[in-house]
Amino acid sequence: MTQPYSGVRVIEVGGTIAAAGATKTLSDFGADVIKVEPPAGGEVRRVPPFPDDVPHLDRGAYHLALDTGKRSLALELSSPSGVQVLLDVARGADLVVLQVPPAEAKPLLAALDMLEGDAPSTVTMTPHGLEGPLADHPEDDMSIFARTNRMLRHSYTGEEPLRYAPFVPTMQWASSTTAIAAATIWGSRRDGERRSVEVAATEALSGNVDSWYVPWAFTGVDLPRVAGARLGFPNGYFECSDGLLLFSAGTEPFFSRLCGVLGVPELATDPRFTDPLEKPNHFDEFMTHLGPYLAARTRHEAFADLQAHGVMCAPLLGVRDAMEDAQAVARGSFVEVEQAAGVGAQTIAGPPFRVRDDSGETWVARAAPTLGQHTAEVLGEAGYSAEEQLALFRAGVTA
Amino acid sequence: MSGRLLEGVRVVDLTEVWAGPMGASMLGDLGADVIKVESFPRPSSITRTTPPAPGGDDDPPWERIAIHHMANRNKRNLTLNIRMEEGAEALRKLIAEADVYIEAYSAGTVDRLGFGWEAVRELNPNLVMLSMPGWGAEGPYQGYVTLGSGLDSTVGHASLRGYPERPVEQTPPIFHTDATGAVALVQAIVTGLAQRDQTGAGCFIDMSQAEAFAWQLPGAFAEVTMNDRLPERLGNRDPQIVPHGAYRAAGGEAEDATAESPPPLQESAWVVIEARTDAEWRGVATAAGHPEWADLGHPWATVVGRLRARSEVDAAMAEFAASGTAEAIADAISAAGGIAAPVKHHSSFLTNAQFASRGWLQAVEHRYMGVQLMPGFLWQLEPDAPSVDIAAGLLGEYNADVLTELGYSAEEIGAFEESGVIGNAYPG
């Protein structure tokens, strides 16, 4: 088995969901990720759910899913002794991924500079960046989301703006960080240059393609935020016999194809349906064709039939249905990982992409570490004697 | 390019719509030589087909489309009609000399055109090929077509968001998987290049944009697998954190922008307020003018006390939020150590002091759009900071350059133009 990041060493600092998410894919593709985490357990270990709702630092769902294959070093970074351990562990590594508040990040980054030729590249995750008027504002998943334009877009005009599912913005920030972390590792290995990267959450979210800023800036118009199916129909959710089907079929070539499936191909060239100003007035008539078709079919029956004719649609699935969906099952979109910490095998999402060549499995999710599971091992590798490790533990620096 | 991390990596980008073009632009930001092979004469889906920005009568409308400008920077634009043999041959030559080839058509499409993995690996055994159809290159949904909103539905996310008190069908469609797919593209390409370094040979990467998003929802899936129950739609509520919500502030946005020039800036009408800890709650309480709410003995001073008084705390937050603008409320809370933010419209990009201080917006000059302020990069990098070196590509802008590099003579290139293998304007 040859993995893409075999031989790469990454130090993750912070113990947060964002930091854990940022290094997970590197770990699963073979990097040695050393997770430097607070001895009290950071956010990623504390966020529910837990098996049977019993809180436990080693059993949380986020930790079990995002810390796969990593080694845990429980280290208090508030003293010179702790920072020195971090430096000794980070010496010669490819990358340090850091997510702590700017006021804590800046001295750690300055300390890493002391390693000079052995200093790793750094990727620093902050809500707003290390400097600037908002840099020190404390933020959370939802407040970061609010500061981008996404939360407002996720609402109807005049109604309460909504977040996505919990931690989705944070995880998108993490995914963005994984991308630049991977590029930094690869590029810096190639040219030998050390890099200093910042990923500000608001920038990572605002700079991606689902930002509606550019359409607004170019035209002065926003896509309307209104509920209801009449706009450019069929566009949105429609009822089948057992649930909802999402259509994105109001435009060509999809509308013609749909009219064909419904047995009314003439509607696709009928000015009542081709004139965008007229079309909304004829929604009810269109539904006399689409409604009975959908009522006679399950979501999956209609989905398969319509997709066979190239009509863009997708079933709305609950979380359990999503995991049991034919495509997810056939691809193995979810995998079981034999976890430590007495929770047996747990199901988590599989690879975000699959690298296929002749070298076998390139993505492997291994057990997430218990808190401090590898403290002694990592300190030993960094040259600390047994006596020195005792001293650090006794002083409350390690656990 | 200013970026050097991917300097010297040549990328052939066949993607359309949102996720693929955006991700390939990010490779360009990092210094890769990205050649956007643009469908011709069929216009690329969405980036060349949606309504354009206003412009001069003689300006081609397809050069003024917002999403093209958002998602196609830092690429060299080459038009090719690959349904003509000369076009297909040029693409084969391009792929033979490339490091990376990316496509996002529905599964099976490029195989039928002769550009599937089995064909291209023959042309170039060192090639890293990424296929990223919505639901992946393999599986029973092969050939199905979707946008990001469809993937959001089948992954289960659409069932988790939206207004808890409203019917599920009134959940606003979103395109988050496009953002996810774009950054996953970068991860996938770099991972493929790293694997090539390890093995000395190219590889095929099968990316389902649904799977590239699924791992962002570990909590939701674990509710099912750990505890055999379906996660609820929570709206802005958090089961363990009070307060945790969006509250209406005084003033602010009423309606969406309509066509006006210049578009109006919109104030925030809502503010989010959160307190995960007693310390953050002290910040909120102090900003609200009620520091006693955080004193031991007050029923709201503790995590559990606030949970038990959820509706009372919520009502107090609603009253506090209504007493000022979203900006003023959020600033007061942040300054006192609580968590709060105004819910921003994207017009705020232009007035955001933080973005300004970091020079985040990029002034980009384009032949038909003049100088536009565009969103900046997802990351800031030293010493080789990214820059927009090529604005959104004009149709066929680099035809001659790229084809010359491939060894075509000026006469051959002229013949291609004549016969419609390449072009820089859509017919008709």
Side-chain angles (χ1 to χ4, degrees), chain A residues 2 4 49 51 61 65 128 132-134 137 140 143 146-147 149 151-152 161 164-165 171 175-176 179-180 182-183 186-187 196-199 204 207-210 213-215 218 220-222 227 237 246 248 307 312 314 316 318-320 322 326-327 330-331 347 349 352-357, chain B residues 5 18 22 53 66 70 135 139-141 144-145 147 150 153 156 159-161 169-170 175 178-179 183-184 186-188 190-191 194-195 198 203-207 212 214-216 218 220 222 224-226 246 256-257 259 263 272 334 339 341 343 346 349 353-354 357 375 378-382:
Chain A
T2 307
H128 295 286
L134 295 185
H137 275 211
D140 188 19
S143 68
R147 288 183 184 279
N149 57 354
M151 189 163 177
L152 184 65
Y164 293 170
M171 290 296 295
S175 298
S176 309
I180 189 62
W186 189 81
S196 163
V197 181
E198 274 193 59
V199 188
N208 212 318
V209 69
D210 60 334
Y213 165 80
V214 181
F218 272 35
V221 179
D222 281 320
Y237 294 101
L246 176 77
S248 309
Q307 283 281 0
M312 217 183 281
L316 181 120
V319 171
R320 190 190 305 272
Q327 181 75 358
R331 288 178 63 85
T347 301
F353 47 85
R354 297 133 192 271
V355 179
R356 300 236 164 92
D357 61 12
Chain B
L5 284 173
W18 279 28
M22 187 77 233
M70 178 73 201
W135 284 292
Y141 293 0
Y144 285 13
V145 286
L147 295 178
S153 292
S159 74
L160 297 173
R161 51 182 191 81
E169 57 265 37
Q170 292 188 14
F175 300 88
D178 287 284
V183 293
V186 177
Q187 297 170 18
V190 175
T191 302
Q195 181 71 353
Q198 301 271 6
C203 57
F204 174 68
I205 305 173
D206 170 5
M207 183 165 96
W215 76 282
Q216 294 191 352
V224 173
T225 58
M226 276 181 174
D256 277 314
V272 302
S334 294
I339 293 187
V343 181
H346 36 255
F349 287 15
Q354 181 69 16
S357 81
L378 279 70
W379 39 70
Q380 302 205 0
L381 191 64
E382 289 299 330

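All chains are named by letter (A, B, ...) in the order of the sequence lines, taking the proteins before the strands, and each is independently numbered beginning at 1. From a predicted model like this one, the values you see are computed outputs, not experimental measurements.
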Hey, which of Met151(A), Arg147(A), His128(A), His137(A) has the most heavy atom pairs under 4.5 Å with chain B? Arg147(A)
Looking only at heavy atoms, the pair that brings Ala183(A) and Leu5(B) closest together is O-CD2, 3.6 Å
Select one option (side chain, backbone, both, neither) describing which atoms of Leu316(A) are under 4.5 Å from chain B's heavy atoms. both
If I take atom CH2 from residue Trp18(B) and atom CG from residue Asn208(A), how far apart are they, to the nearest 0.5 angstrom? 10.0 Å
Give, for atom OH of Tyr141(B) and atom CD of Gln307(A), the distance between the pair rounded to the nearest 0.5 Å. 9.5 Å
Do you know which of Ala246(B), Ala184(B), Ser159(B), Ala179(B) has the most heavy-atom pairs with chain A at a distance under 4.5 angstrom? Ala179(B)
Looking at Asp178(B), Leu160(B), Ile339(B), which one has more heavy-atom pairs under 4.5 Å with chain A than the rest? Ile339(B)
At a heavy-atom distance under 4.5 Å, which candidate from Pro51(A), Gly187(A), Pro215(A), Ala326(A) has the highest pair count against chain B? Pro51(A)
Given Ser143(A), Ala65(A), Gly318(A), Ala314(A), the one with more heavy-atom pairs under 4.5 angstrom with chain B than any other is Ser143(A)
Which one of Arg320(A), Met312(A), Glu198(A), Gln327(A) has the most heavy-atom pairs closer than 4.5 Å to chain B? Gln327(A)
Under a 4.5 Å heavy-atom cutoff, which of Gly150(B), Pro140(B), Ala353(B), Ala53(B) has the most pairs with chain A? Pro140(B)
Let me confirm one number: the OH-CD distance from Tyr237(A) to Glu169(B), rounded to the nearest 0.5 Å. 10.5 Å
Looking at CZ of Arg356(A) and CD1 of Ile205(B), how far apart are the two atoms once the value is rounded to the nearest 0.5 Å? 10.5 Å
Donor-acceptor pair, Gln195(B) side chain versus Thr2(A) backbone, under 3.5 Å? yes
What heavy-atom pair brings Ala66(B) and Phe218(A) nearest, and what distance separates the two atoms? CA-CD2, 3.6 Å
Looking only at heavy atoms and a cut-off of under 4.5 Å, which of Ala61(A), Ala179(A), Ala349(A) has the most pairs with chain B? Ala179(A)
Main-chain N/O of Ser175(A) paired with Gln187(B) side-chain donor or acceptor, under 3.5 Å: yes
If you count heavy-atom pairs under 4.5 Å between each of Thr191(B), Thr225(B), Val272(B), Leu147(B) and chain A, which one has the most? Thr191(B)
Honestly, the part of Ser248(A) sitting under 4.5 Å from a heavy atom of chain B is side chain
Gln198(B) side chain to Pro4(A) main-chain N or O, any donor-acceptor pair under 3.5 Å? yes
So which residue, Ala222(B), Ala220(B), Ser334(B), Ala214(B), ends up with the most heavy-atom pairs under 4.5 Å with chain A? Ser334(B)
To the nearest 0.5 Å, atom CG of Leu378(B) lies from atom OG of Ser176(A) at 5.0 Å
Does any non-hydrogen side-chain atom of Asp222(A) lie less than 4.5 Å from one of His346(B)? yes
Counting heavy-atom pairs under 4.5 Å to chain A, which of Leu381(B), Val343(B), Val224(B), Val186(B) comes out on top? Val343(B)
With a 4.5 Å cut-off on side-chain heavy atoms, are Asn149(A) and Phe349(B) touching? yes
Partner chain B: residue of Leu246(A), Ile180(A), Val355(A) with the largest heavy-atom pair count (under 4.5 Å): Ile180(A)
